[in-house]
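The structure appears right after this line, and notes come after that.
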Amino acid sequence: MTTTRREVLGWLAGLGAAAGAGLLPGEASASANVTALRGATLIDSSGVRSGATIVLAGDKVLAVGSCDLPLPRGSTVLDVAGKFVIPGLWDMHVHGAFLDKITLPLCLVNGVTGIREMWGFPPIYELRERIERGEVFGPRLVVGSTIIDGPHSTLPGATVVSTPEEGRQAVRDAKGADFVKVYSYLDRPTLEAIADECGRQAITFAGHCSNHVPLGDASDLGQRTFEHMYGLPLATSTRETQLRQAIADLPLDPANPFAWFKQVLEFERRATLTHSRGKAVQLAKRLQRNNSALCPTMVAMRVYASPADRFANDPRIRYMPAFYRDFWRDGLTNWVPVTDQEIRQQAAFFRRRQEQVAEMHALGVEVLVGTDAGNPYSFSGFSVHDELELLVEAGLSPKAVLQAGTRGAAVKPGADANLVVLDGNPLTNIRNTSRIHTVLTRGRVLGPAERQRMLADVEKAAQEPFPTAVRTCC
């Protein structure tokens, strides 16, 4: 049964008078479908509330109250007693939104109602608008520019800039992007020009820490996020000066630029062996002052630090395009450790980087949840839950990790109705974020049967032919 606009507004006015609730900002629709969740424990940035009632009209939260909160006539009531409700999750580092029949539904069935696509181009900007118009069912989509990189970039299709003016022009050309994406090979003068032009164009920039610019310096320039833990070990090492000189002196073969990149990673591994707490404290102060965040993408970095076949039999690969199995296997060839010594070194390196992220968080630096989905064995939607678990393993509390994964969202009147109903308490075990019962987003209720149907559709779509040229990167 549909509740009329007059009934909704009258009910809200009565509720406000009786319980001190505020009126919903803006106009309600002329006819709003009202859904109420009864009896769950609500966990959001404002705390933990047991026996809560959450009332939704379309894609907005109307009211949040106790179990006896009065409801308007004709409400659909979902009994979720004994379950836990959290705000929708975010994946802050994604590739592959253009695979809309795969990436978008996989995110939604996993409770991921917002994603940050890290390599933008016009069709994805168009997809973002189609989602917002309701023509395509998907999570909120924040999209970066095409990747801007320096000479000898390892990325086919990146916008390569060799001078400060070319960097400025690349920023000016980033039409439709929500932010500018920068990459590993940019030199300092060009990055400085990009930062300055971003200020002129009122757009933020984010991405890799350039191998030519220390992380703290890039933060001072205004870089908003730093991906994959790159640059962090060097910035907190007592041997940073010597290692940076070694990078400056490192020859680069234009025919094999990845070899140079991998050697820089080896210098970063060595840097973790001389970690300085004092330098970490000073770096954290700079990042906080500049409002810069870390997006460690531990899921992807764990794959690159592991033997090539460790994740090859993950059953979730059936939801990815059929060619991905070979594409991912071949893509790992130059990355992964092979010998026993390399495997031990990379495992220890990964663990020390985890510890450094946890240290930065403890020092007040914002940590974002991102998966690098689209890269080997990082699965859209699913891997967000893996990332949450790895962050807890690193040393963050489940509460802190949940705050990061939901971007500190509060379920309150006027907020977007992006909710995930869980069968277990994520504060006692972060793995419970994957025990999803129902997802509510964009005015739709995705219960167990609907989510299974969506997964079946994705599995079918994964077998359809796709273009051979697929953009995927770190």
Side-chain angles (χ1 to χ4, degrees), residues 89-97 99 102-103 106-107 110 112 115-119 144 147 154-155 181 183-184 206-209 211 225-233 258 261-262 264-265 268-269 272 293-314 316-317 319-321 324-325 327-337 343 346-347 349-358 367-394 396 401 404-405 470-474:
L89 296 163
W90 274 84
D91 189 337
M92 293 295 288
H93 195 123
V94 171
H95 297 285
L99 298 171
I102 292 176
T103 300
L106 283 183
C107 285
N110 279 284
V112 179
I115 62 177
R116 187 173 65 145
E117 166 63 60
M118 297 299 289
W119 194 340
I147 293 175
T154 58
L155 296 178
K181 170 79 179 284
Y183 217 65
S184 304
H208 285 205
C209 180
N211 289 323
T225 72
F226 294 90
E227 315 299 310
H228 316 305
M229 302 178 280
Y230 294 157
L232 181 60
F258 183 78
F261 181 84
K262 194 168 183 180
V264 172
L265 284 180
E268 291 216 343
R269 185 191 70 80
T272 62
L294 301 176
C295 188
T297 66
M298 291 179 182
V299 168
M301 295 301 99
R302 179 178 60 175
V303 172
Y304 289 122
S306 303
D309 60 352
R310 178 176 175 185
F311 303 98
N313 296 318
D314 192 311
R316 297 173 295 185
I317 202 168
Y319 297 117
M320 305 308 296
Y324 263 41
R325 188 181 298 271
F327 183 69
W328 284 356
R329 183 198 61 217
D330 296 344
L332 286 174
T333 302
N334 292 327
W335 280 90
V336 296
I343 291 169
Q346 290 303 310
F349 180 32
F350 176 71
R351 179 57 190 165
R352 286 191 292 268
R353 293 163 94 190
Q354 282 187 297
E355 292 170 349
Q356 289 181 3
V357 170
V367 172
L368 306 176
V369 173
T371 65
D372 212 359
N375 277 270
Y377 310 113
S378 184
F379 302 95
S380 298
F382 291 107
S383 286
V384 168
H385 304 285
D386 301 334
E387 185 74 10
L388 297 175
E389 185 176 348
L390 285 171
L391 285 167
V392 170
E393 178 186 290
L396 279 70
V401 168
V470 175
R471 296 172 186 259
T472 184
C473 65
C474 290

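Side chains are part of it too, since the values below use all heavy atoms of this structure and drop only hydrogens, waters and symmetry mates.
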To the closest 0.5 Å, what do you measure between [atom1] ([X]) and [atom2] ([Y])?
{"X": "Arg351", "Y": "Gln346", "atom1": "CZ", "atom2": "CD", "result": "15.5 Å"}
{"X": "Leu391", "Y": "Leu396", "atom1": "CG", "atom2": "CG", "result": "6.0 Å"}
{"X": "Leu89", "Y": "Ile115", "atom1": "CG", "atom2": "CD1", "result": "13.0 Å"}
{"X": "Gln354", "Y": "Thr272", "atom1": "CD", "atom2": "OG1", "result": "12.5 Å"}
{"X": "Met229", "Y": "Leu294", "atom1": "CE", "atom2": "CG", "result": "10.0 Å"}
{"X": "Thr225", "Y": "Lys181", "atom1": "OG1", "atom2": "NZ", "result": "8.5 Å"}

Can you check whether [X] reaches [Y] side chain to side chain, under 4.5 Å on heavy atoms?
{"X": "Glu387", "Y": "Pro296", "answer": "yes"}
{"X": "Asp314", "Y": "Phe379", "answer": "yes"}
{"X": "Thr371", "Y": "Asp386", "answer": "no"}
{"X": "Val299", "Y": "Asp372", "answer": "no"}
{"X": "Met92", "Y": "Val369", "answer": "no"}
{"X": "Leu106", "Y": "Arg316", "answer": "no"}
{"X": "Asp91", "Y": "Cys107", "answer": "no"}
{"X": "Pro233", "Y": "Arg353", "answer": "yes"}

Q) Crowded around Arg325 CZ? As in, over 12 foreign heavy atoms under 6.0 Å? A)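 It does not: Arg325 CZ has 12 such atoms or fewer within range.
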
Q.
Any carboxylate oxygen within less than 4.0 angstrom of a Lys/Arg side-chain nitrogen, looking at Glu227 and Arg116?
A.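 Yes, Glu227 and Arg116 are salt-bridged.
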
Can you name the residues that form a side chain to side chain donor-acceptor pair (under 3.5 Å) with [X], not counting sequence neighbours?
{"X": "Ser378", "result": "none"}
{"X": "Gln356", "result": "His275"}
{"X": "Thr154", "result": "none"}

List in chain and number order the residues that pass ring-ring contact (aromatic ring centres under 6.0 Å, His included) with [X], two or more places apart in sequence or in another chain; answer none if no residue qualifies.
{"X": "Phe350", "value": "none"}
{"X": "Tyr319", "value": "Phe382"}
{"X": "Tyr377", "value": "Trp328"}

Q.
For Tyr324 and Phe327, take the angle between the two ring planes, folded into 0 to 90°, and tell me which bin it lands in: parallel under 30, tilted 30 to 60, perpendicular over 60.
A.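 Because their plane-to-plane angle lies in the 30° to 60° range, the rings of Tyr324 and Phe327 count as tilted.
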
Q. Nearest heavy-atom pair of Pro337 and Ile343: which atoms, and what distance?
A.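 Shortest heavy-atom contact: CB-N, 3.7 Å.
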
Q) Considering all heavy atoms of both residues, which atom of Glu117 and which atom of Ala97 are nearest to each other, and what is their separation? A)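 Here Glu117 and Ala97 meet closest at OE1-N, 3.0 Å.
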
Q: Give a yes or no on whether the backbone of Gly96 and the side-chain of Thr103 come within a donor-acceptor separation of less than 3.5 Å.
A: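 Checking the backbone N and O of Gly96 against the side chain of Thr103, a donor-acceptor pair under 3.5 Å is found.
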
Q.
With side chain to side chain contact (heavy atoms under 4.5 Å, CB included) as the criterion, how do Ile147 and Leu155 come out once you've worked through the C-alpha distance, each side chain's angles and the decisive distance to 0.1 Å?
A. CA-CA 9 Å; Ile147 293 175; Leu155 296 178; 3.8 Å; yes

